Amino acid sequence: MSRVDAVPAPLLVLAAVVSVQFGGALAATLVPQIGAAGSVVLRLLIATALLLLFARPRWRGHRPRDWATVGCFGLALGLMNFAFYASLGHLPIGVAVTIEFIGPLTLAAVLSRRPRDLLAVAAAGVGVVLISQALSLPFADLERTGIVLALLAGACWAAYIVFSGRTGAAFPQLEGLALAMVVATAVVLPFGIWDVSVHGTSAWDGTVLLKGLGIAVLSSVLPYSLELVALRRLAPAVFGILLSLEPAVAALAGLLVLGQRLSPVQLGGMALVVLASVLVLGLGARRTGPSPEIPV
């Protein structure tokens, strides 16, 4: 047994959640320097290189429908990252993650088809209204662009979950993920080139590259490695409960790294989303059902 295998599985998932959200907070400091698309391209390029190095995927011998699956997976992955990073330019990270979380939460509720889960999603919707401050701010002052981008990221996250499961069934180990990362990078690359033309190549200095490496490791390589080990020994219900902590961890990362403070009303809305997530993804989940995964 390796040292990692000796660590309790819930601690591994919690470490993955913390890693992802602090990687997101680090990304929020990079977006103003090289733009959202540039930040995504830098992260995906580094993470893809690392995954190709470790996974060494086969490029031949796959059926056309398997390539279609991995293509859809990569498209969802690239757009999810792009929309989420773009939302960080308009919203605090805790707010962005909470709104984005509506995607997998709604998917889980629809797949379960239980009235209780649909009510939980409705409660989460109320929570999003509260954290967006739609009831306390004039309509003209709302960060509508950020909210729309976070919702788009959530929709892509739901698509990511669907095609992630299909890719895992069609490709062994991390082969499908590595190939999907290539597709995701290709999808976002044109937008990244545009960002470079706007911000200039001088913005891509050593500090930016170092941040990109940190984001790739914290948001992609490390959490996936931890999840891969943890999910071999962890019940889906427990995984769902731990995943539901993401909005709260994101708010903590935003406070510690970015100095972003949320109002009591926004924290209350976040609590509603976390509670709904626990009900749908955790305590009310069927043990045989699929578990959503942390996004790359």
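Along the sequence shown, residues are numbered consecutively beginning with 1. Given the structure is predicted, the values throughout are model-derived calculations rather than measurements.
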**Request:** Give a yes or no on whether the ring-centroid distance for Phe84 and Trp157 is below 6.0 angstrom.
**Result:** no
**Prompt:** Are Leu255 and Ile93 connected, step by step, through hydrophobic side chains (Ile, Leu, Val, Met, Phe, Trp, Tyr) whose heavy atoms are closer than 4.5 Å?
**Reply:** no
**Prompt:** Under a 4.5 Å cut-off applied to non-hydrogen side-chain atoms, are Leu79 and Val187 in contact?
**Reply:** yes
**Fill in**
What one should report as the nearest heavy-atom pair of Ala124 and Ile102 is CB-CD1, 3.7 Å
**Rounded distance [0.5 Å steps], CG in Leu50 versus OG in Ser220** = 9.0 Å
**Request:** Measure the CG-CG distance between Leu44 and Leu77 for me, rounded to the nearest 0.5 Å.
**Result:** 6.5 Å
**Prompt:** Can you name the side-chain hydrogen bond (donor to acceptor under 3.5 Å, both in side chains) partners of Thr185, sequence neighbours left out?
**Reply:** Thr48
**Prompt:** What heavy-atom pair brings Pro57 and Ala178 nearest, and what distance separates the two atoms?
**Reply:** CG-CB, 4.0 Å
**Request:** Heavy atoms only: give me the nearest Ala159-Ala76 pair and the separation to one decimal.
**Result:** CB-CB, 4.0 Å
**Prompt:** Going by heavy atoms in the side chains, are Leu245 and Leu14 under 4.5 Å from each other?
**Reply:** yes
**Complete:** Taken in chain and number order and not counting sequence neighbours, the residues that satisfy salt bridge (charged side-chain N to carboxylate O under 4.0 Å, His left out) with Arg58 are Glu175
**Message:** Among Leu42, Thr207, Val40, exactly one meets side-chain contact (heavy atoms from CB on, under 4.5 Å) together with Leu30. Which residue is that?
**Reply:** Leu42
**Fill in**
Tracing side-chain contacts under 4.5 Å among Ile, Leu, Val, Met, Phe, Trp and Tyr outward from Trp67 reaches Leu52, Trp59, Val70, Phe171, Leu179, Val182
**Message:** Within the 4.5 Å heavy-atom criterion, are Arg144 and His90 side-chain neighbours or not?
**Reply:** no
**Request:** Kindly work out whether a path of hydrophobic side-chain contacts (I/L/V/M/F/W/Y, heavy atoms less than 4.5 Å apart) joins Val188 to Leu152.
**Result:** no
**Asked** Can you name the residues that form a side-chain contact (heavy atoms from CB on, under 4.5 Å) with Val257, not counting sequence neighbours?
**Response** Phe22, Ala25
**Request:** To the nearest 0.5 Å, tell me how far Leu26 CG sits from Arg43 CZ.
**Result:** 10.5 Å
**Message:** Within the 4.5 Å heavy-atom criterion, are Val13 and Leu226 side-chain neighbours or not?
**Reply:** no
**Message:** Restricting to non-hydrogen atoms, name the atom on Ser39 and the atom on Ile34 that form the minimum distance, rounded to 0.1 Å.
**Reply:** OG-CG1, 3.5 Å
**Item:** Shortest non-hydrogen separation from Gly176 to Thr167 and the atoms involved
**Value:** CA-CG2, 3.5 Å
**Complete:** Output for pair (Met270 CE, Leu275 CG), nearest 0.5 Å, gives 14.0 Å
**Residues which pass side-chain contact (heavy atoms from CB on, under 4.5 Å) with Leu119, listed by chain and number, not counting sequence neighbours** = none
**Message:** Please determine whether residues Ile99 and Val148 belong to a single hydrophobic cluster, defined as Ile, Leu, Val, Met, Phe, Trp and Tyr linked transitively by side-chain heavy-atom distances below 4.5 Å.
**Reply:** no
**Same cluster (ILVMFWY, side-chain, under 4.5 Å), Val18 and Val217** = yes
**Ile215-Leu258 co-clustered via ILVMFWY side chain contacts under 4.5 Å** = yes
**Complete:** CD (Glu143) and OG1 (Thr145) are apart, to the nearest 0.5 Å, by 6.5 Å
**Item:** Side chain proximity check, Glu100 to Met80, heavy atoms < 4.5 angstrom
**Value:** yes
**Asked** According to the salt bridge (charged side-chain N to carboxylate O under 4.0 Å, His left out) rule, which pairs have a member within residues 66-85, sequence neighbours left out?
**Response** Arg63-Asp66
**Item:** Nearest heavy-atom neighbours spanning Ser19 and Pro223
**Value:** OG-CD, 3.8 Å
